[in-house]
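In what follows, a single structure is set out as structure tokens and then discussed.
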Number of protein chains: 2
Amino acid sequence: MGTASELIMYDYPTLLREHHLKATPQRTAILQVMAHEGHISIEMIYEKIKGLFPSLSLATIYKNMIAMQEQGIVKELKIAGFKNRYEIQKQPHHHMVCQKCGSIVDVEFDVAQALEGVSKSHGFELKQIDLSISGICDKCR
Amino acid sequence: MGTASELIMYDYPTLLREHHLKATPQRTAILQVMAHEGHISIEMIYEKIKGLFPSLSLATIYKNMIAMQEQGIVKELKIAGFKNRYEIQKQPHHHMVCQKCGSIVDVEFDVAQALEGVSKSHGFELKQIDLSISGICDKCR
DNA sequence: TTAGTCAAGGAGAAAAATTATCCTTTACTT
DNA sequence: AAGTAAAGGATAATTTTTCTCCTTGACTAA
């Protein structure tokens, strides 16, 4: 945090418009909560912002998550043993999940090169890598 | 296929009993369908075997998947863009998913060693690795 | 083999998660 | 400032998953 290139990511209205989505207060709030909470579920988002928008509909969140996924702004995380969670797209990274407390930590680890070889040998055009490792985190031991 | 050690895996009644689960015809059929179809969803299983058991309940399949997961016989696959699928537990492996036709191919690729280092540096006790790569398969190009 | 027991199956309701419909509101364009 | 298309809200409808309760049946041990 602190450099211009990082700060610009917090201008969510602009980010939305750049992706041909209207910058509504609801959308901006969703992104702010996601930025603050990290890996978050639909109804956690709902709980966090329904105070700001008393008439907020759950459907609004679902619809926005779909729209923002299509635009590559957010990403759905399907992790064994947990309900789906969402995060804002950022640098490629993977996840480290504690099976006890459910905490999710980002880890940067480059598997791309090795997997290029694997996929190439299958005539497979590699688009995306989803990797999560599960275990027991430092705190829970 | 062909060796004794592989064939023994097809004795599902014994496999179930070894895991303290009763070997019912429904369970055996579920495992047979899974073995035949590979990566399969709950309702695909239901469609495949409801002919054999006219009174089959969807709840039976759900309950059995949970029980068999707890015993480590089957594994749930949560893959971005797809409904949950299930596979019979076998040698550690990962998945290669075509974003177009949805086909899933097993790939053997050892990421464990490298990830040991990553997790160790976070004081994390590594239990499980879930990796899937997505892209366009050979056929779909 | 047979009776007893506990797990498993079936039916259906209920709950949870997701999507669709339809109308109103509003962000953006010009 | 007005028009338009997109987004939000309310609500119903689907879909997915879980639960309850009762019946059936697989396994155990005599």
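In what follows, every chain begins at residue 1, and chains take the letters A, B, ... in the order their sequences are listed.
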In this structure, how many angstroms lie between the [atom2] atom of [N] and the [atom1] atom of [X], rounded?
| X | N | atom1 | atom2 | answer |
| --- | --- | --- | --- | --- |
| B:Phe82 | D:dT16 | CZ | C1' | 18 Å |
| A:Leu58 | D:dA12 | CG | P | 15 Å |
| A:His19 | C:dC28 | NE2 | P | 15 Å |
| B:Lys83 | C:dA16 | NZ | P | 19 Å |
| B:His20 | D:dC27 | NE2 | P | 14 Å |
| A:Lys78 | D:dT16 | NZ | C1' | 12 Å |
| B:Ile30 | C:dA8 | CD1 | C1' | 11 Å |
| A:Phe53 | D:dA10 | CZ | C1' | 17 Å |

Practice task
State whether a side-chain donor-acceptor pair under 3.5 Å links A:His39 with A:Asp106.
Solution key: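 The answer is yes; a qualifying pair exists.
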
Problem - Pair B:His95-B:Glu87, side-chain donor/acceptor within less than 3.5 Å - result: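 Indeed, the side chains of B:His95 and B:Glu87 share at least one donor-acceptor pair under 3.5 Å.
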
Using the side-chain heavy atoms of [X], tell me which of these nucleotides is nearest: [options].
| X | options | answer |
| --- | --- | --- |
| A:Ala23 | D:dA7, C:dC28, C:dG10 | C:dC28 |
| A:Ser55 | D:dA7, C:dG10, D:dA10 | D:dA10 |
| B:Arg27 | D:dG9, C:dA27, C:dG9 | C:dG9 |
| B:Tyr62 | D:dT18, C:dG10, D:dA26 | D:dT18 |

Practice task
Using a strict 4.0 Å threshold on nitrogen-to-oxygen distance, state whether A:Glu125 and A:Lys127 make a salt bridge.
Solution key: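 Salt bridge between A:Glu125 and A:Lys127, a charged N being under 4.0 Å from a carboxylate O: yes.
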
Exercise for the section: Run the salt-bridge test on B:Lys75 and B:Asp130 with the 4.0 Å N-O cut-off and return the result as yes or no. Expected result: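 A salt bridge links B:Lys75 with B:Asp130.
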
Report yes if at least one side-chain N or O of [X] is closer than 4.0 Å to OP1 or OP2 of [N]; otherwise report no.
| X | N | result |
| --- | --- | --- |
| A:Thr24 | C:dA27 | no |
| B:Ser57 | C:dG9 | no |
| B:Gln26 | D:dG25 | no |

Look at all strands and tell whether [X] reaches a base, only sugar-phosphate, or nothing, counting heavy atoms closer than 4.0 Å.
| X | answer |
| --- | --- |
| A:Ile42 | nothing |
| A:Ala67 | nothing |
| A:Lys63 | base |
| B:Pro13 | nothing |

Exercise for the section: Would you kindly compare A:Leu21 and B:Ala59 by the position of their nearest DNA chain D nucleotide and give the one closer to the 5′ end? Expected result: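 Residue closer to the 5' terminus by nearest nucleotide: A:Leu21.
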
Exercise for the section: With DNA chain D as reference, determine whether B:Asn84 or B:Arg17 sits nearer its 5' end, using the nearest nucleotide of each. Expected result: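 The 5'-side residue here is B:Asn84.
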
Handout entry: Atom pair OH/CG of A:Tyr10 and A:Leu15 - distance to nearest 0.5 Å
Key =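 Here the rounded value is 12.0 Å.
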
Exercise for the section: Starting at CZ of B:Phe124, measure out to OG of A:Ser103 and round the result to the nearest 0.5 Å. Expected result: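 Spacing of CZ (B:Phe124) from OG (A:Ser103) equals 7.0 Å.
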
Practice task
Determine whether any donor atom in the side chain of A:Lys22 lies under 3.5 Å from an acceptor atom in the base of D:dG8, or the reverse, and answer yes or no.
Solution key: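 No.
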
